[in-house]
Amino acid sequence: MKILVIGGSYFFGRVFVMLAAKEKDITVVNRGTYSVAELGAKQIRGDRKDAALWKSIEGDYDCIVDFCAYEKGDIARVLENLPGRIRQYIFISTVDVYERGISGLKGEETSLETRILPGEAGAYIAGKVALEREVREECGKRDIDVTVLRPAILYGPLNYAPRESVYIRLLVQNHLLPRITDAAGSFQFVYVKDAAEAIMKCLLNPEAYGQAYNLCGEEILTYDGFFRELRRASDVEAQEIALTAREAEGQGLPLPFPLAAEETELYSNEKGKERLGLHYTDISEGMARTYRAFRNVYAAD
């Protein structure tokens with residue numbers, strides 16, 4: 001099976017390439033910040049906004065897996081210029097595309113957000129919503145099967161985003177762990193390897209054609225629950241520091257998850273489990289693996 005990966009040198013994409021290259025013919029197209037040669041994949045360096053890049057890529061591919069489409073036109077440009085035949089396009093979207101303020105767990109048939117929300121987060125969501133429409137329209141013109149995957153908050157080894165790694169560093173180097181006293185929000189994680197394995201299950205799978213799937217773990221977490229799992233995963237005796245959200249931000253600590261109860265948005269993972277056989281790593285096990293991976297990095301600093 002020949003797979004063209006767009007992105008793929010960072011976190012989620014890199015973990016997928018590490019898995020897929022063991023048994024598939026993988027070509028990664030990206031700006032080349034990090035090499036994927038040691039993972040067993042070929043690499044084509046270039047800017048996805050350059051139409052000439054796509055025109056230069058020869059041959060047919062069974063699947064495109066697109067990790068880094070963010071703006072309207074990103075997918076159309078690829079498909080308008082690739083000369084070869086594509087059978088399936090897997091677009092990595094986000095659970096954030098769903099309409100805000102709907103109570104209960106949001107399934108894949110929940111309506112998407114149509115409002116333009118403020119800030120960088122609003123622009124990110126608007127881009128992903130537009131691209132979900134675009135991938136269906138552009139693939140429909142070309143008889144390409146489409147799959148959309150919507151991960152929740154990704155965590156795990158190699159995560160470059162300032163989330164769990166910041167607090168693991170605080171644990172390893174300072175033996176400290178905060179407690180946010182005024183956080184009432186809830187949220188869901190997905191372990192990065194589980195998300196990568198979900199892509200593997202979608203490759204040329206008729207159960208994935210024309211479908212969207214949420215990717216999220218079984219647990220609904222709070223800040224207290226998140227810090228409890230980090231404490232459980234750690235091998236140090238940590239001192240707890242009670243902070244308000246404002247105090248934490250004043251000290252430069254990231255608070256990347258919903259803080260207020262009214263910001264909580266939760267999602268169902270039942271469709272993927274039933275149709276694709278997806279399963280999710282227990283949060284305690286996933287956080288333990290993540291802690292061990294980052295501990296080795298920060299202990300050497």
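At a threshold of 4.5 Å between non-hydrogen side-chain atoms, the residues V97 and V148 do not count as touching. Contact annotation: the side chain of V146 never approaches that of Q211 to less than 4.5 Å [non-hydrogen atoms, C-beta and beyond]. Inter-residue side-chain proximity for K273 and E218 is flagged as met; some heavy-atom pair is nearer than 4.5 Å.
Side-chain N or O atoms of R163 include one that pairs as donor or acceptor with a backbone N or O of L154 at under 3.5 Å. One N or O on the side chain of D66 and one on the backbone of C68 form a donor-acceptor pair closer than 3.5 Å. Counting only distance, with no hydrogens or angles, the side chain of Y223 and the backbone of F257 share a donor-acceptor pair below 3.5 Å. A donor-acceptor pair under 3.5 Å links the side-chain atoms of D282 to the main chain of S284, judged by distance alone.
Salt-bridge annotation for K42 and D25: present, with a side-chain N of the basic residue lying under 4.0 Å from a carboxylate O of the acidic one. The pair R228-E219 does not meet the salt-bridge criterion, since no charged nitrogen lies less than 4.0 angstrom from a carboxylate oxygen. Between R77 and D50 no salt bridge is recorded (no basic side-chain N to carboxylate O distance below 4.0 Å). Of the charged side-chain nitrogens involved, at least one lies within less than 4.0 Å of a carboxylate oxygen, so that R87 and D62 count as a salt-bridged pair. A salt bridge links D235 with R295: at least one charged nitrogen is closer than 4.0 Å to a carboxylate oxygen. A salt bridge links E285 to R289: one of the charged nitrogens lies within less than 4.0 Å of a carboxylate oxygen. Between E108 and R150 there is no salt bridge, since no side-chain N of the basic residue sits under 4.0 Å from a carboxylate O of the acidic one. Salt bridge annotation for K201-E207: absent, with no cationic side-chain nitrogen under 4.0 angstrom from a carboxylate oxygen. Ion pairing between a basic and an acidic side chain is recognised when a charged N comes within 4.0 Å of a carboxylate O; K72 and E134 show no such pairing.
For F11 and F67, the gap between ring centers reaches or exceeds 6.0 Å. The six-membered or imidazole ring of Y191 lies away from that of Y280, with a centre-to-centre distance of 6.0 Å or more.
E71 is linked by a side-chain hydrogen bond (donor to acceptor under 3.5 Å, both in side chains) to K49, counting only residues two or more places apart in sequence or in another chain. Not counting sequence neighbours, the partners of E229 by the salt bridge (Lys or Arg N to Asp or Glu O under 4.0 Å) test are R232.
Under the 6.0 Å distance and 45° angle rule, K106 does not count as a cation-pi partner of Y267.
Taking CG from D96 and CG from L112, the interatomic distance works out to 11.5 Å, rounded to the nearest 0.5 Å.
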